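Note that the coordinates shown come from a computational prediction; the quantities given were computed from them, not determined experimentally.
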Amino acid sequence: MEVDEPVRLPRLPRVAVCGGTHGNELSGVYLVRELLKDLREKDAEDGGPLSVLVVLSNPRATQQCRRYIDVDLNRCFSHATLNGPVPDASPYEIILSRKLNALLGPKGGQGAVDLVCDLHNTTANMGLCFIAYSDSDWICLHIFKHLQMPDMPMRFIHYDVSKKESYSLDSVGKHGFALEIGPQPHGVVRSTNYTAMKVGVQHVLDWVRHFNSGSVFEGGFVDVFTMVKKIDYPRDSQTHNITAAVHPHLQDRDFCLLRPEDPLFQTFSGEALTYKGSEPLYPFFINECAYYEKGVALSLARKRRVAVPPIRAQTEEDKQASFASEEEE
């Protein structure tokens, strides 16, 4: 039987783990604080350089246990926002995004960290999710494949957005993803969610070490949920106040197939409103607390299976051969 030759990809010598991008999502906040403590102790012991950079992304919002101070930091990393003018009266998070881009980037540049893992919580019943902008980044897809846990299924959410337009902190790295877990109320930490996130981050770092050591990772298939559209709550045409809540039959059923004419909302007077889409889709971020201000009641995705090739890290010989090939061209 013919065996596929592994795709050879550059090593990942610099990894960033970020938490507190939203200051009231406490699993990431407390995990980053623990990782910072561990790294300080390790650094004090051996004095060696650290390949893992741990970042508390929005310290002021974290201190106040708020999602953000002025604007949502996790929407401040598009190319236009990072490269636009910064007046003296700019929102706190706009200035902060420039500092984080200088620390972890520059976005799209050769000096950017190799991998960014940004930690988040959701109030939606989504379990553990891996969120990325590409469905063909073999590094991210292999990490996701490695992260599957028998006691907590993990899902891959794909936002089909270009690198230039991608807006979240994880987009600053050469590779990046958000690790999202819920349900968890904002401003609260739950031990089960914290532990699952901690185990997930440990698995990510273990995978990177194995990849950098030259291990070959077999290919396979993964299920990917690509976001298709977002749905707002029904609203009063004059006041713009919402007039309905997520229907009880849909609430907490993230990633359960939503079919046309299934119950979608229930008005405050008790009327059921059904889904009028033309195809069955998978809902997620159902009734996320932080998305009320964004006009999003839930997002809908298509599910498909993606083939992932085997991979391994490039050797020095690979690099030299690639350099020689480029010179010949």
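Ring orientation note: the planes of Phe225 and Tyr282 are nearly perpendicular, at an angle over 60° on the 30°/60° scale. Relative ring orientation between Phe265 and Tyr233 is described as tilted, the plane-to-plane angle lying within the 30° to 60° band.
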Practice problem: Go through the steps to decide whether Glu93 and Arg75 satisfy the test salt bridge (charged side-chain N to carboxylate O under 4.0 Å, His left out), and finish with yes or no. | Solution: CA-CA 9 Å; Glu93 279 83 6; Arg75 302 296 184 272; over 6 Å; no

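Looking at Asp223 and Arg155, no side-chain N of the basic residue comes within less than 4.0 Å of a carboxylate O on the acidic one, giving no salt bridge. The existence of a salt bridge linking Glu288 and Lys294 is excluded, since no basic side-chain nitrogen approaches an acidic carboxylate oxygen closer than 4.0 Å. Here Arg302 pairs with Glu279 in a salt bridge; the nearest charged N to carboxylate O distance falls below 4.0 Å.
The side-chain hydrogen bond (donor to acceptor under 3.5 Å, both in side chains) check on Ser191 picks up nothing, with sequence neighbours excluded.
Sorted by first and then second residue, the salt bridge (Lys or Arg N to Asp or Glu O under 4.0 Å) pairs with a member in residues 119-128 form an empty list; sequence neighbours excluded.
In this structure, the ring of Phe177 has its center less than 6.0 angstrom from the ring center of Phe130.
In the hydrophobic clustering, Val86 connects to Ile95, either directly or through intervening members, whenever side-chain heavy atoms lie under 4.5 Å apart.
Taken together through direct or relayed side-chain contacts under 4.5 Å among Ile, Leu, Val, Met, Phe, Trp and Tyr, Tyr167 and Leu96 form parts of separate hydrophobic clusters.
Shown here is Arg253, whose CZ atom has no more than 12 heavy atoms of other residues, nucleotides or ligands within 6.0 Å.
A 4.5 Å side-chain heavy-atom check between Leu250 and Asp262 finds every atom pair outside the cut-off.
The closest donor-acceptor contact from the side chain of Gln148 to the backbone of Phe144 lies under 3.5 Å.
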